[in-house]
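Encoded as structure tokens, the structure appears first; notes follow it.
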There are 2 protein chains.
Amino acid sequence: MTSQAADGPETATASRRSKITPEREREFFDAVLEQIRECGYESVTMEGVAASTRCSKSTLYRQWKTKPQFVAAALRASRRVRFAGVDTGSLAGDLREAARAAGDWSGKDARLMQALGHAVTADPELAQALREALVLPEIAALQEMLARGVERGEVAADHPALEYIPAMLFGVLRVRPVLSGQYADADYLVRFVEATVLPALGLTQDPGRRSRDD
Amino acid sequence: MTSQAADGPETATASRRSKITPEREREFFDAVLEQIRECGYESVTMEGVAASTRCSKSTLYRQWKTKPQFVAAALRASRRVRFAGVDTGSLAGDLREAARAAGDWSGKDARLMQALGHAVTADPELAQALREALVLPEIAALQEMLARGVERGEVAADHPALEYIPAMLFGVLRVRPVLSGQYADADYLVRFVEATVLPALGLTQDPGRRSRDD
DNA sequence: GTGTACCGGTACTCGGCCGTATCGGTACAC
DNA sequence: GTGTACCGATACGGCCGAGTACCGGTACAC
């Protein structure tokens, strides 16, 4: 049905009776995260993951003791930075680029965060895994971006808005579905950045010096 | 254990064998919303609500057909406006006041919204009830507040940041727990408003004209 | 070829909750 | 006092999922 990981029973990963390869593990992780996004954490079942990956529950329970540990492992493995490496030369450009990148982010990881948002309050390990996977890397990248802007003298180091930039960006990502029923796309986020983040930082471009070069 | 609605078995609400009074109904609603905040929507059980209100499951099922309908009814009944009626005379003052009011909001309703955030994607009736109870009234009050500011000439009617103010405020409310592990309090929100919302609207007070009067 | 380790399938126990049914009892109307 | 309607308690059937146990079979090392 879901067929997300079953793009062919005889893939090149050799037959299915061998030790679990890292690729196979990633299939498990992808499957459980996808199920979480779709059904929510509580409704995710080990049986469902096993079925969608054509493995047996035994296999999952051999690797991970419980469902929370399994999910935490999946989160940790999905850890990656999204808008790191962005460096357009100006803080405004960086922020716009980050917004654009976050547009893709929103469809998948915002959903994941929403689905896990409450389970996290009951399971510290899960909370830690979620923070490490989805939150901290982005925050760090953002702050690096801001620090570059400060170094360049584009914004004062003690600018009061600086500490709230992550909250603004992540906040609007998270709240858009509630307000307007849809996840934030790149266009919306860029407009948000231009209408609120840049002015808050005092980065509104002068009429004569538009940094949009397209 | 929870004892939230059991502050005395023989309260003035008379004995428990009579028709359900509106007060009694409110006990049910309060109990289920509280359980949702604590355990999440999926984990809420009709049995738990019945136990915590000392009623029987039958009583609940006599009034509401299913759990989603029960929860939706509870949401609709809890509908009220929080920072309507705020009118300090200036938009900056209004926004600060709204932030302060939202500080109280955050502890309870933000939690509720988080807990329901995913269930809502699967149940349109629940989604509608949630929006009507927690989102729309606040948005309306905010927009009224902004409209007054526009009328007073404090901000241009076509100011690009205007449409994003609700997203900024609700967003930071919703994202704070994820970023820093705690719900936003009134002080944080007021500082957020002063550092980001007011500058974005061009409402930063001039050095000589501080509107803080305390 | 032989052994070992591990996978996949199935069946199972156990617990929990939904929603229903039944029953005794109590408030309240008349 | 009598009747009615509804509450609260409890028990029940059904379903589902966590986690366990077992078993046949296959890959892989040697």
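We name chains A, B, ... by the order of the sequence lines, and we start the count at 1 in each one.
The base of D:dG8 is paired with the side chain of B:R62 by a donor and an acceptor separated by under 3.5 Å. For A:R54 and C:dG9, a side-chain-to-base donor-acceptor distance below 3.5 Å is absent, hydrogens and geometry of angles not being considered. Below the 3.5 angstrom threshold, one finds a donor paired with an acceptor across the side chain of A:S58 and the base of D:dA21. Applying the 3.5 Å distance criterion, the base of C:dG19 shares a donor-acceptor pair with the side chain of B:K57.
Residues from residues 66-77 of chain B placing a heavy atom under 4.0 Å of any atom in DNA chain D do not occur.
Between the CH2 atom of B:W64 and the C1' atom of D:dC7 there is a distance of 13 Å, rounded to whole Å. Rounded to an integer number of Å, the gap from A:E42 CD to D:dA18 C1' is 13 Å. Rounded to whole Å, the distance from CG on B:L60 to P on D:dA9 is 11 Å. A straight line from CD1 of A:I20 to C1' of C:dC7 spans 8 Å, rounded to a whole angstrom. Remark: P of C:dG8 and OH of A:Y61 are 16 Å apart, rounded to the nearest angstrom. Between B:R24 atom CZ and C:dA27 atom C1' there is a gap of 15 Å when expressed in whole angstrom units. The separation between A:K65 atom NZ and D:dT20 atom C1' is 12 Å, rounded to whole Å. Taking atom NZ of B:K19 as the reference point, atom C1' of C:dT26 lies 15 Å away to the nearest angstrom.
Side-chain contact between B:E132 and B:L75 is absent, with no heavy-atom pair separated by less than 4.5 Å. In this structure, the side chains of B:L162 and B:V150 come closer than 4.5 Å at one or more pairs of heavy atoms. Within the 4.5 Å cutoff, side-chain heavy atoms of B:F70 are placed close to those of B:V49.
Residue B:Q63 is classed as a sugar-phosphate contact, given heavy-atom separations below 4.0 Å to backbone atoms only. Residue contacts for B:V44: at a heavy-atom cut-off of 4.0 Å it reaches the sugar-phosphate backbone alone, with no base atom in range.
Between B:F28 and B:E47, the residue whose closest nucleotide on DNA chain D is further toward the 5' end is B:F28. Take the nearest nucleotide of DNA chain D for A:T45 and for A:S56: the residue whose nucleotide is more 5' is A:T45.
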Could you write out DNA chain D as dot-bracket? Rules: Watson-Crick or G-U wobble, both distances under 3.5 Å, brackets [ ] for crossings, | for pairs with another strand, dot for unpaired. ||||||||||||||||||||||||||||||
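Smallest separation of non-hydrogen atoms from A:P160 and B:A195: O-CB, 3.5 Å. B:A92 and B:L203 get closest at one heavy-atom pair: N-CD1, 4.2 Å.
Between A:T59 and C:dG8, a side-chain N or O to OP1/OP2 separation shorter than 4.0 Å is present.
Distance alone, capped at 3.5 Å, is enough to place a donor-acceptor pair between the A:D94 side chain and the A:T88 backbone.
A cation-pi contact links A:R176 to A:Y188, judged by a cut-off of 6.0 Å to the six-membered ring centre and 45° from its axis. In this structure, B:K108 fails the cation-pi test against B:Y183, since its NZ or CZ atom is not both closer than 6.0 Å to the six-membered ring centre and inside 45 degrees of the ring normal.
Between A:F192 and B:Y164, the ring-plane angle classifies as perpendicular under the 30° and 60° cut-offs.
Between the side chains of A:R148 and A:Q143, no donor N or O sits under 3.5 Å from an acceptor N or O.
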